[in-house]
Amino acid sequence: LVHTLTAAIPSLHPPPCTASSSSSSCQGPTHGQLAALLAAFAFLVVGAGGIRPCNLAFGADQFDPRTDSGRRGIASFFNWYYFTFTVAMMLSATLIIYLQSNVSWAIGLAVPAALMAISCALFFMGTRLYVRVRPEGSPFTSFARVIVAAVRKRRVPAPASADDLFDPPHQSKLVAKIAYTDQFRCLDKAAVVTPESRSSPWRLCTVQQVEEVKCLARIIPVWSAGIVYFIVVTQLGTFVVLQALQMDRRLTRWWAFEVPAGSMVVFNMMAMTVWIPVYDRELMPALRRGPGKEGGISQLRRFG
């Protein structure tokens, strides 16, 4: 909304540039206009940062992972989420950019603002229907406890077997029970029972807590490799536009319509939009019948 106002209200943006036969002059923004623009960007960042990390997890909470249909629903939900997300991005890269380039920035920004208001209203209308799972505490606290307990008991002899570790019955309804693994055995000392460790959660952790930290340690290489991918994806938004600005984007010589440079990113989105339904409805059911796995193929092979 604030971003739309910066384009709609003349006092919130600089006046248009004036061109003459010999030169052109442009007046820069005032401090107040620049502050309004930066405030609009700040609200966009906070809003996107609050919604995007939570909507996937909230959507997955609507399915019961303890049932076969629930697990299949979660897998399908992620596929269709990215399908609808890509369709929305395609509309933004075509219709919205066309409005901004050929009609006005005020209308081009008002349309997504209105759509966001409608989506918020529809979301809150279904409040009574949602499954809302109460959090069980911060995972970062649990990770820190494992590290602190392992460091404090670094001189304690390593356990002879996993049966000697502190492994109470699993009570969580959110996190599945993780089987013991023999990797990163230095962390196992956090679950070794000593006389002084029973009195503090920072001295004694469960096997489940230790295995969660091990999972995090194992995924760090995958996460690190993803940095390169996201650098490339981020550059697509600017590199493709810069290349398109050098192109003749007219569809024909006789038609004055010119494809906006910002709309050129739509082609990789179209490829993803076409592929996801084929993947979810055709490929995955065929793979489930093959190797005998519920998900068709392992997560590692999917990444490959």
Side-chain angles (χ1 to χ4, degrees), residues 1-30 33-34 36-38 40-45 47-48 52 79-116 118-119 226-280 282:
L1 178 60
V2 178
H3 207 175
T4 304
L5 294 177
T6 59
I9 301 177
S11 60
L12 292 180
H13 60 261
C17 297
T18 58
S20 61
S21 58
S22 58
S23 63
S24 62
S25 62
C26 298
Q27 179 180 340
T30 64
Q33 292 169 346
L34 190 59
L37 180 62
L38 294 177
F41 286 145
F43 283 122
L44 286 175
V45 170
R52 292 185 180 180
N79 292 335
W80 286 103
Y81 171 84
Y82 282 108
F83 173 79
T84 55
F85 179 80
T86 305
V87 170
M89 292 295 293
M90 288 174 58
L91 293 175
S92 299
T94 53
L95 177 61
I96 302 302
I97 289 180
Y98 175 80
L99 292 176
Q100 294 172 350
S101 303
N102 297 277
V103 182
S104 72
W105 275 95
I107 296 178
L109 294 173
V111 171
L115 293 176
M116 177 59 72
I118 294 173
S119 66
I227 295 175
V228 179
Y229 167 77
F230 283 107
I231 290 175
V232 175
V233 171
T234 303
Q235 298 305 315
L236 283 178
T238 54
F239 181 78
V240 174
V241 175
L242 291 175
Q243 299 301 306
L245 288 173
Q246 314 305 319
M247 298 167 55
D248 182 2
R249 301 186 305 278
R250 293 175 298 177
L251 298 181
T252 65
R253 295 181 180 178
W254 307 277
W255 193 11
F257 176 76
E258 188 178 51
V259 177
S263 298
M264 298 306 248
V265 297
V266 77
F267 292 104
N268 64 320
M269 300 177 187
M270 289 174 60
M272 184 180 296
T273 304
V274 172
W275 168 246
I276 288 179
V278 176
Y279 174 84
D280 187 70
E282 300 296 335

**Student:** Please give me the minimum heavy-atom distance between S101 and P260, naming the atom from each residue.
**Tutor:** OG-CB, 4.0 Å
**Student:** Could you check whether any side-chain heavy atom of H3 comes within less than 4.5 Å of a side-chain heavy atom of L37, counting everything from C-beta outward?
**Tutor:** yes
**Student:** Between P112 and I96, is there a side-chain heavy-atom distance shorter than 4.5 Å?
**Tutor:** yes
**Student:** Does S263 use its side chain to pair, donor to acceptor, with the backbone of A93 at less than 3.5 Å?
**Tutor:** yes
**Student:** To the closest 0.5 Å, what do you measure between CG (L34) and CG (L12)?
**Tutor:** 12.0 Å
**Student:** Should we count CE of M89 as having more than 12 external heavy atoms under 6.0 Å?
**Tutor:** no
**Student:** Could you measure the distance from the CD1 atom of I118 to the CE atom of M116? Nearest 0.5 Å is fine.
**Tutor:** 11.0 Å
**Student:** Which atoms form the tightest heavy-atom contact between A113 and L1, and what is the distance?
**Tutor:** CB-N, 4.5 Å
**Student:** Could you pull out the closest heavy-atom pair between P277 and V274, with the gap in Å?
**Tutor:** CD-O, 3.5 Å
**Student:** Say whether, by atom type as modelled, one donor and one acceptor occur between the side chain of Q33 and the main chain of S11 under 3.5 angstrom.
**Tutor:** yes
**Student:** Give the minimum heavy-atom separation between T94 and V266, together with the two atoms involved.
**Tutor:** CG2-CG2, 3.8 Å
**Student:** Short question: side chain of H13, backbone of T6 - any donor-acceptor pair under 3.5 Å?
**Tutor:** yes
**Student:** Measuring from N102:CG to E258:CD, what's the distance to the nearest 0.5 Å?
**Tutor:** 9.0 Å
**Student:** If you look at every heavy atom in A261 and R249, which pair is closest and at what distance?
**Tutor:** N-NE, 3.6 Å
**Student:** Ignoring hydrogens and geometry, is there a side-chain-to-backbone donor-acceptor pair from T84 to Y81 under 3.5 Å?
**Tutor:** yes
**Student:** With a sphere of 6.0 Å drawn around OH of Y82, does it hold more than 12 non-hydrogen atoms of other residues, nucleotides or ligands?
**Tutor:** no
**Student:** Testing the basics here: between I107 and L99, what is the closest heavy-atom pair and its distance to 0.1 Å?
**Tutor:** CG2-CD1, 4.4 Å
**Student:** Please walk me through it: do M264 and Q243 pass side-chain contact (heavy atoms from CB on, under 4.5 Å)?
**Tutor:** CA-CA 9 Å; M264 298 306 248; Q243 299 301 306; over 6 Å; no
**Student:** Less than 4.5 Å apart, any side-chain heavy atom of F83 and any of N79?
**Tutor:** no
